[in-house]
Every structure is written in structure tokens, then in C-alpha cells.
Amino acid sequence: MYPLKFKPILKSTIWGGEKIIPFKHLDIQQEQVGESWEISDVPGDESVVANGADAGKNLTQMVDEYKAALVGESNYKRFNGKFPLLIKFIDACQDLSIQVHPDDELAMKRHQSLGKTEMWYVIGNDGGKAHLRSGLSKQITPEEYAQMIADNTICDALADYAVQPGDVFFLPAGRIHSIGAGCFIAEIQETSNITYRIYDFNRKDKNGNTRELHTELSKDAIDYTVNEDYRTHYTPKQNEPVELVACPYFTTTVYDLTEPMEMDYSELDSFVIYICMEGACSVTDNEGNHLSLQAGESVLFPATTQKLSVKPEGQVKFLETYV
């Protein structure tokens, strides 16, 4: 096995912007790309390997073929042979709908699917104009929640944040959230496409129709706990790992490197993903496989990887995530 890059799955959306294609250094024409699915095992949207001997195979085929060698022994058993993470870049030119995702238990009962816990890392904020919503700002009951949707006041109960590059938000299943206009983010989430749309600002499509809302489904899925602050606080550091999120679904660390670094994964029973946000680096594994990684790229290192040597080309910033 060797480090895997994948062909991005680009999704044009009504709210999408124009940042993703230049960020990823792609020579293609596609407008309003709201999302680039970097690494995906979602049925119908399986990522295809772009490099090496396995080029052309999709991620589902790769897990079927390589099993624990790719994902790790415990992950292969725990997720029944499915790849457990979905990695995206998201560029919002307009506010996305306000949403919530069910937890694993509720999603399995209703949809025979995993739930969706996720996290956001803010890459860009459109010159300081970007904002997003995460969590409740005041205590409400499920009945009050439904009434606030009906009378268009639900935003009054949500915590709203102006965001800066480097801001991090952890979104456990059940937390109401929405990505606001101007946000350019990297998203790490469980492999699930189950979303309950709470509110869409009464927007109408070209036929004059509003989008379907899932008020009753979402009422049971929401965590009504109110927190003082929903932002993940951390102290940025150069040339050492800074852990951002550790939860049952993923552990994510940010690296901001100007010097070479040796990574030791010999005790880790999991694949590792790097998501590059700034700069570039070269990476060599313990078997001599070598690749370059630049802003806009993601790479999957199989669970057989013991060690990596990362050499920045000047400076590089990337997220490391594993299960």
C-alpha cells in the first residue's frame, strides 16, 4: 500500500462560490462550486484513486480489497467495512440553510445510517465579512422551537459568530448550525449524508417553491443544551502539533510547519488523512513512497504506514485526522 490521492468530486450549488477551483489549482470550467468532496465513501459519491497502481478504483473497492491494511483493524470491524470519514472543502457565497444532524442511534433507527458529528476549520472569511451559526444562544423547548420556525424567528435563538481564518468549530450530532456567506472551510465528518433542514430563510427556487423543512424530524434530533461558547479554543504554534478535536469519531490536529518533522504512526491502528490549507510540502513514508502535497490537496495514508517524513517547502499548514 502507498499514500493515496483522489479525484475531487466537485458539486455546484445555488449558494456556491468561485474559490474552490483556483484553491485546488484545477484547470477546469465549473461555476458555483460549493463543495469539493475530497475523500468520500458515500454511496453514489465514492472517491476515485488518482495516483499509483490503484488509480481508477473507488474508495469502496479499496476498503473491500485491502480491509484493515487500509483503515485499521478496529475501524474495519467497527464500521463494517465502510470508510468512516468524509472530507470536504466548502465555499459559501450565500448563507446555507440552518440544519441539524441526528446522532448514530436516531439515524440508524430512522435511516439505517450513521449520524453525523463534524468539525469545521475556517480557511478564509471573505475579507472579514464571513459569519456562521453554531448552537443555541438561549434555552427553548421543542414546542417553542417549532413555533420559532413557523414565525421566522429561529435565528434569534442561535449563536452567531464572525469568523477568522484558523477558527475551529466542533459540531456534535444534535447541534444546530449553518455556514454563513463568505465562509471557506475544511470539513471533517462521519460518513453520512443525513441532514435535517430546519430553516431556509423562506428562499424560493426559480419556480417559486420553498425548500422542504424537516421540522418534526429535527425536533427530536436537537440537543437543546445551551453553552456559553461554541468555538473551539486553541493556541496556534509553529513546528509542533496542536490538537483541535478528539472525539469517538475522529481526532484532528493542526500543523503549521517551517521545519521538517518526523511523524510516528507505528502505534496507531488507523489510516491518517492530511488536508492541506496553505503552502506545500513533500512527504516520504517508511517504505520510500514519496509525494508532494500543496494547498487544496488531501492525501490518505493507509493504516500500514509506520512513519512519515514531512519537509515543508518554505511553510505548510495542514490538518491531520484519524479515527
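Below, all heavy atoms of this structure are taken into account, side chains as well, without hydrogens, waters or symmetry copies.
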Any sub-3.5 Å donor-acceptor pair from [X]'s side-chain atoms to [Y]'s backbone N or O?
X	Y	result
E187	M119	no
T13	G16	yes
Y255	V316	no
H101	I194	yes

(Q) Could you tell me if the side chain of I9 sits less than 4.5 Å from the side chain of E35, heavy atoms only? (A) no
Can you hop from I185 to M277 via hydrophobic side chains spaced under 4.5 Å? no
Rounded to the nearest 0.5 Å, how far does [atom2] of [Y] lie from [atom1] of [X]?
X	Y	atom1	atom2	answer
T60	D41	OG1	CG	3.5 Å
I149	K219	CD1	NZ	9.0 Å
H214	S97	NE2	OG	9.5 Å
L10	K24	CG	NZ	7.5 Å
D220	R110	CG	CZ	5.0 Å

Can a side-chain donor-acceptor contact be found between [Y] and [X] if the only test is distance below 3.5 angstrom?
X	Y	value
H177	S134	no
Q30	S12	yes
N75	D269	no
S309	E262	yes
D285	T305	no
Y224	E144	no

[X] atom [atom1], neighbour heavy-atom count above 12 within 6.0 Å:
X	atom1	value
K311	NZ	no
Q112	CD	yes
E228	CD	no
D27	CG	no

- Item | Worked check of side-chain contact (heavy atoms from CB on, under 4.5 Å) between F184 and N125 | CA-CA 6 Å; F184 185 45; N125 67 345; over 6 Å; no
**Asked** Does the gap between the ring centers of F23 and F89 come in under 6.0 Å?
**Response** yes
(message) Measuring centre to centre across the rings, with the benzene-like ring taken for any Trp, is F169 within less than 6.0 Å of Y161?
(response) yes
Decide yes or no on side-chain hydrogen bond (donor to acceptor under 3.5 Å, both in side chains) for Q61 and Y66, but give the supporting numbers first. CA-CA 9 Å; Q61 293 169 322; Y66 293 104; over 6 Å; no
Is [X] salt-bridged to [Y], going by a charged N under 4.0 Å from an acidic O?
X	Y	result
D200	R211	yes
D103	K116	no
E297	K5	yes
R231	D167	yes

Any idea how F250 and F170 line up, ring-wise: parallel (<30°), tilted (30 to 60°), or perpendicular (>60°)? perpendicular
The single option from D95, I179, V163 that satisfies side chain to side chain contact (heavy atoms under 4.5 Å, CB included) with H131 is D95
Which donor-acceptor pairs under 3.5 Å do the side chains of residues 78-88 make with protein atoms, sequence neighbours left out?
{"from": "R78", "atom 1": "NH1", "to": "P248", "atom 2": "O", "distance (Å)": "3.0"}
{"from": "R78", "atom 1": "NH2", "to": "P248", "atom 2": "O", "distance (Å)": "2.9"}
{"from": "K88", "atom 1": "NZ", "to": "Q189", "atom 2": "OE1", "distance (Å)": "3.4"}

